[in-house]
*Asks:* 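Would you mind keeping the following structure in view while I ask a few things?
Please read all numbers here as calculations on a predicted model, not as lab measurements.
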Amino acid sequence: MNTIVQALPGALRKLDPRQMWRNPVMLIVEVGAALTTVIAIVEPLTGTTPIAPTFTIGIAIWLWFTVIFANLAESVAEGRGKAQAASLRSTRTSTIAHKVGGPDASAHVQAEDVSSADLTLGDYVAVSAGEVIPGDGDIVWGIASVDESAITGESAPVIREHGGDRSAVTGGTRVLSDRIVVKITSKPGETFVDRMIRLVEGASRQKTPNEIALNILLAALTIVFLVVVVTLNPAASYAGGTVSVTVLVALLVTLIPTTIGALLSAIGIAGMDRLVQHNVLAMSGRAVEAAGDVTTLLLDKTGTITYGNRRASEFLPAQGVTVEELREAARLSSLADPTPEGTSVVELAGGAVDLPKGAEIVPFTAQTRMSGLDLADGSFVRKGAGSMVASWVGATPADLDAIVTGVSQSGGTPLVVATKSAAGEARVLGVIHLKDVVKDGLRERFAELRAMGIRTVMITGDNPLTAAAIAKEAGVDDFLAEATPEDKMELIKREQAGGNLVAMTGDGTNDAPALAQADVGVAMNTGTSAAKEAGNMVDLDSDPTKLIDIVRIGKQLLITRGSLTTFSIANDVAKYFAIIPAMFAAVFPGLAVLNIMQLHSPASAILSAIVFNALVIIALIPLALRGVKYRPVSASKLLSRNLLIYGLGGIIAPFIGIKLIDLVVSLIPGF
């Protein structure tokens, strides 16, 4: 109720004909409301007698209510977006930026303090721990932990670093550790947050082709019924009777599809709003609608299907070696290894322990391709590439080659672990299996997409062997290996040429051309600025499985629009049985047989139909905003369900509603 009260001023402002012309159906209703208002004022002055004392006044009042209720639906939908925009504005503050001369900035470089509003494209700024990033950009130096909760709502910090696909940062987020240098990639007023604010307010929401086509259909129906109503009075005069202008206006309003005309805009705005609630920013309503028709989904592997960092998955001991021996040696060799791979080995081995006293750290180098520890007792432990460890040891177990080959063929990376005693006795203990780990829950989510009739294709630059292993583990339908940006584009074009609508998720600069070509391009927020610019949606949570929610919301938008259109047209059928018998009962007494609702009088029948026409709009606003629940079923089942619930319901509801309103109206003197 509070939401409706807040939206009411906006609904009243929308009565301006300069705004109403965008909705021709409701513009006709507003013209009818103005005309009946004038007639209600003029009738007492001319001595004209309406069919009931307050009939014209009642019709005028409820026609105005109909227009206001229609505007209210759109205003409520816009209000939800404005509330989200206000929340985003609170994160956008003017900050002091430490402007530096270039990307090669050390911790002691001299910086010039300027306002973030004065930054422009190509400027370099240094941001230290505790400071707010002053604008959108890419990290060109350093690595830092960043709090992005102001944008994504997620409290967990994320790592952003120079190079790769995780270098993009957003203005308004806060650096929690270390120091970075950022190259500004947006002008003041054109930052990611500014774009989000404009989009969630609906200012940039353009009508989709489907919505435009439906608007044209509604306008055409309105014109046809307007012509029909205008010719009714001459026909009635020929039969020896006349129909008042007020009654003709009432008939027109009940003939034209006012219900869907009133709710159409609200449905589109609500579709984008539901995406924002799922932390997905859609650049246009067209993208939301296209998501509902997607048949092929392309997913970038690294950072989308997989975490992007190789992680230890299992220990494979050599013959005569226990798993415990291999696990402990692997842990020792990785205690001082700060890389994600080294950390994952320690985690898989049971967690970190104190570095042995007197141990000397042997870091990984490109020359040795090994790392480990030289222990105080003169013994050594190493892990590294199989060929380098074999050279260091001098001899390897017979089964080692088979283990290494098996790991490589599965798409993983083998790290061989070996020890050497103080006496020089070398021993190979086994292999650590490193692999690019598939994100949790993807197989189930891809199965859900399959049930929706969507084919999933993984795209990767890996060799076919590795790609096949990852594709099988993730549960995708197909994969494209050793893919270049051109290959991705060609695949999308082939799918589109075959009549498919294609969606793609990606996060890297190399994904940008494909994201731009796809019908629905979902860029990860953790990705590069190029990827976010190319896509028509940005996933603030950087969760590739979010596309399932995007498709569901797109389908929900289309189904909601179809369901309410079915209800609106069916709704009109019942209203005819209230209006037409009442209009011509005096001229054609035989029409009384059509008064199957047994309405009290012609005046009460017409007014009851108009009142119901207005109230049903208010009743359907929650459904338009929430959307009709989507179930992954065939189109024929969906059509049958729509016709049963919204078609049959649209016919029955007015009979009940108009009869109940008629019982109340009949209590008014004169009706």
*Asks:* Short question: side chain of D519, backbone of V502 - any donor-acceptor pair under 3.5 Å?
*Replies:*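 Yes.
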*Asks:* If you take all heavy atoms of M537 and A291, which pair is closest and at what distance?
*Replies:*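 Answer, listing the atom of M537 first, then A291: CE-CB, 4.4 Å.
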*Asks:* Is it true that E30 and K14 make a salt bridge, defined as a side-chain N closer than 4.0 Å to a carboxylate O?
*Replies:*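 Looking at E30 and K14, the cut-off is not met.
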*Asks:* In Å, rounded to the nearest 0.5 Å, how long is the span from OG1 of T296 to CD of E495?
*Replies:*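 Separation between the atoms: 4.0 Å.
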*Asks:* side-chain contact (heavy atoms from CB on, under 4.5 Å) with P257: which residues, sequence neighbours excluded?
*Replies:*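 With neighbours one apart ignored, the set is L218, L221, I260, S568, D572.
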*Asks:* Side-chain contact test, heavy atoms from C-beta onward, threshold under 4.5 Å: evaluate it for Q496 versus L501 and give yes or no.
*Replies:*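 No; the side chains remain at least 4.5 Å from each other.
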*Asks:* Can you see which heavy atom on A250 is nearest to which on I59, and at what distance?
*Replies:*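 For A250 versus I59, the nearest heavy atoms are CB-CD1, 4.4 Å.
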*Asks:* Do any side-chain atoms of residues 607-623 form donor-acceptor pairs under 3.5 angstrom with protein atoms, and if so which ones, sequence neighbours left out?
*Replies:*
{"from": "S608", "atom 1": "OG", "to": "S604", "atom 2": "O", "distance (Å)": "2.6"}
{"from": "S608", "atom 1": "OG", "to": "D662", "atom 2": "N", "distance (Å)": "3.3"}
{"from": "N613", "atom 1": "OD1", "to": "T258", "atom 2": "OG1", "distance (Å)": "3.0"}
{"from": "N613", "atom 1": "OD1", "to": "K575", "atom 2": "NZ", "distance (Å)": "2.4"}
{"from": "N613", "atom 1": "ND2", "to": "T258", "atom 2": "OG1", "distance (Å)": "3.1"}

*Asks:* Going from CD1 on I651 to CD1 on I656, what distance comes out if it is rounded to the nearest 0.5 angstrom?
*Replies:*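 Those atoms lie 12.5 Å apart.
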*Asks:* Under the criterion side-chain contact (heavy atoms from CB on, under 4.5 Å), I'd like the reasoning laid out for R552 against E448: C-alpha separation, chi angles, the key distance, then a yes or no.
*Replies:* CA-CA 11 Å; R552 189 183 299 277; E448 194 175 340; 2.4 Å; yes
*Asks:* Where is the tightest heavy-atom contact between S666 and H600, given as atom of each residue plus distance?
*Replies:*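 Closest heavy-atom pair between S666 and H600: CB-CG, 3.5 Å.
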*Asks:* Which atoms form the tightest heavy-atom contact between A523 and L515, and what is the distance?
*Replies:*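 Answer, listing the atom of A523 first, then L515: CB-CD1, 4.2 Å.
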*Asks:* Minimum heavy-atom separation for R274 to G627, with atom names?
*Replies:*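 Shortest heavy-atom separation between R274 and G627 comes out as NH1-N, 3.7 Å.
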*Asks:* Atom CG in L644, atom OG1 in T566: separation rounded to 0.5 Å?
*Replies:*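 Interatomic distance, L644 CG to T566 OG1, rounded to 0.5 Å: 12.0 Å.
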*Asks:* Walk me through whether L663 and K659 qualify under side-chain contact (heavy atoms from CB on, under 4.5 Å).
*Replies:* CA-CA 6 Å; L663 294 175; K659 180 60 180 177; 4.3 Å; yes
*Asks:* Nearest heavy-atom pair of I28 and L252: which atoms, and what distance?
*Replies:*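 I28 and L252 have their closest heavy atoms at CG2-CD2, 3.7 Å.
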*Asks:* Kindly compute the distance separating CG (D293) from CG (N500), expressed to the nearest 0.5 Å.
*Replies:*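 Between atom CG of D293 and atom CG of N500 there are 11.5 Å.
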*Asks:* Is there a side-chain contact between V280 and D549 (heavy atoms, below 4.5 Å)?
*Replies:*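 No; the side chains remain at least 4.5 Å from each other.
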*Asks:* Using 0.5 Å steps for rounding, measure from the CG atom of L298 to the OG1 atom of T505.
*Replies:*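 It is 8.5 Å, given to the nearest 0.5 Å.
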*Asks:* Applying side-chain contact (heavy atoms from CB on, under 4.5 Å) to Y646 and V628, what does each step give before you reach the verdict?
*Replies:* CA-CA 11 Å; Y646 297 97; V628 176; 3.5 Å; yes
*Asks:* Could you check whether any side-chain heavy atom of L564 comes within less than 4.5 Å of a side-chain heavy atom of T259, counting everything from C-beta outward?
*Replies:*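 No - every pair of side-chain heavy atoms lies 4.5 Å or more apart.
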*Asks:* Between atom CD1 of I550 and atom CG of L297, what is the distance when rounded to the nearest 0.5 Å?
*Replies:*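 Here the rounded value is 9.5 Å.
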*Asks:* Evaluate side-chain contact (heavy atoms from CB on, under 4.5 Å) for I256 paired with V29, printing each intermediate quantity in order.
*Replies:* CA-CA 9 Å; I256 61 179; V29 179; 4.1 Å; yes
*Asks:* Hey, does the side chain of W64 reach the backbone of I61 with a donor-acceptor pair shorter than 3.5 angstrom?
*Replies:*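 Answer holds: no.
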*Asks:* Measure from the side-chain N and O atoms of N279 to the backbone N and O of D539, and report whether any donor-acceptor pair falls under 3.5 Å.
*Replies:*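 No: the side chain of N279 does not pair with the backbone of D539.
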